[in-house]
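Structure first, commentary second.
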Amino acid sequence: MSVSSNWLKIKDKILQEGTSNKNKRKRKELRYNHIKHLKSSSQSTISNDDVSTISKLYLDNIKQDLDVSLKNKKLNHQSKIGKYISIDCEMVGVGPEGERSVLARVTIVNYHGVVILDKYVRPTEYVTDFRTDVSGITPKLLFKSYDFKDVQLEVANIIKDRIVIGHALHHDFKTLMLDHPRKMIRDTSIYEPFRKISRGKTPSLKRLAQEELGMIIQEGKHSSVEDAQ
């Protein structure tokens, strides 16, 4: 009876795992034998080779544990909200010809650009213009959106006592129906050195990103995550 290809694959895998486990056991036995040798030895001195081998075994294990620990610590640190956050909102149009704006999406990122909040919001009025070409908002994206009041409260709790960074933030705060202390706001649209790029006029975020960071953004539909970052 022929052996199936699946069984051959499983067999190869078992052999590989067996080899891997065997190598691990060999390393453990090597370390144990070195320690046992040192304990049982009646000599008062230890050879340089013994010291070197044991040190390497321990240092390799310590280094691996430390690398993992530092990596996790860095990731945990970067995922915290912190003192500085950046916010960006996407709006849809309501009223005649969609001339007025209401909130449809809000994103908050921390200093490291890690997303803290990103939610689609149920418009408080009937939408007459989704502004999809710019906002990226479609009816489908708002199908399972969150209640405005709930998101508003969540945003208020996050930005409280924190420095808020953004571009033309008065638009964002207006659609969120929130206030924030002026001294706690850093608005890139009114920062004087940035305005010089547009000869005193309000520079676009797209232009600032290109001039200051060498980055191309807002190619087509906007993303509140990209803009906030």
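Positions are given from 1, in the same order as the sequence printed here. Predicted model only: the values in this text are computed from it and were never measured. Values below: every heavy atom of this structure, side chains too, minus hydrogens, waters and symmetry copies.
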For [X] and [Y], which heavy atoms make the closest approach, and how far apart are they?
X: Ile87; Y: Asp172; value: O-OD2, 4.2 Å
X: Arg122; Y: Asp147; value: NH1-CA, 3.6 Å
X: Thr175; Y: Ser101; value: CG2-O, 4.2 Å
X: Pro123; Y: Val102; value: CB-CG2, 4.0 Å
X: Asp187; Y: Leu169; value: OD2-N, 2.9 Å
X: Lys80; Y: Asn110; value: O-ND2, 2.7 Å

- Message: Looking at Asn157, I'd like to know if its CG atom is crowded, meaning that more than 12 non-hydrogen atoms belonging to other residues, nucleotides or ligands lie closer than 6.0 Å.
- Response: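 Yes.
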- Query: If you draw a 6.0 Å radius around CD in Glu97, do more than 12 non-hydrogen atoms from other residues or ligands fall strictly inside?
  - Reply: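 It does not: Glu97 CD has 12 such atoms or fewer within range.
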- Task: May I ask you to decide whether Arg131 forms a salt bridge with Glu90, counting only side-chain N to carboxylate O separations under 4.0 Å?
- Result: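 No, Arg131 and Glu90 are not salt-bridged.
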- Task: Please lay out, stage by stage, how His167 and Ser189 fare under the test side-chain hydrogen bond (donor to acceptor under 3.5 Å, both in side chains).
- Result: CA-CA 5 Å; His167 192 79; Ser189 72; 4.9 Å; no
- Might you work through the salt bridge (Lys or Arg N to Asp or Glu O under 4.0 Å) test for Asp161 and Lys83, ending with a clear yes or no? CA-CA 8 Å; Asp161 299 326; Lys83 182 180 179 181; over 6 Å; no
- Do the rings of Phe173 and His180 sit parallel, tilted or perpendicular, given the 30° and 60° boundaries?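 Parallel: the ring planes of Phe173 and His180 meet at under 30°.
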- Message: Treating Gln229 as the side-chain partner and Gly113 as the backbone partner, does any N or O pair qualify as donor plus acceptor under 3.5 Å?
- Response: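 Side chain of Gln229 to backbone of Gly113, a donor-acceptor pair under 3.5 Å: yes, one is there.
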- Answer yes or no: is there a donor N or O on one side and an acceptor on the other, between the side chain of Gln152 and the main chain of Leu176, under 3.5 Å?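 Yes, Gln152 side chain to Leu176 backbone: donor-acceptor pair under 3.5 Å.
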- Query: Looking at CE of Met215 and CG of Leu208, how far apart are the two atoms once the value is rounded to the nearest 0.5 Å?
  - Reply: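 Separation between the atoms: 12.5 Å.
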- For side-chain hydrogen bond (donor to acceptor under 3.5 Å, both in side chains), just list the numbers for Thr107 and Asp88, CA-CA rounded to whole Å, side-chain angles, deciding distance to a tenth of an Å, and then say yes or no. CA-CA 5 Å; Thr107 301; Asp88 188 71; over 6 Å; no
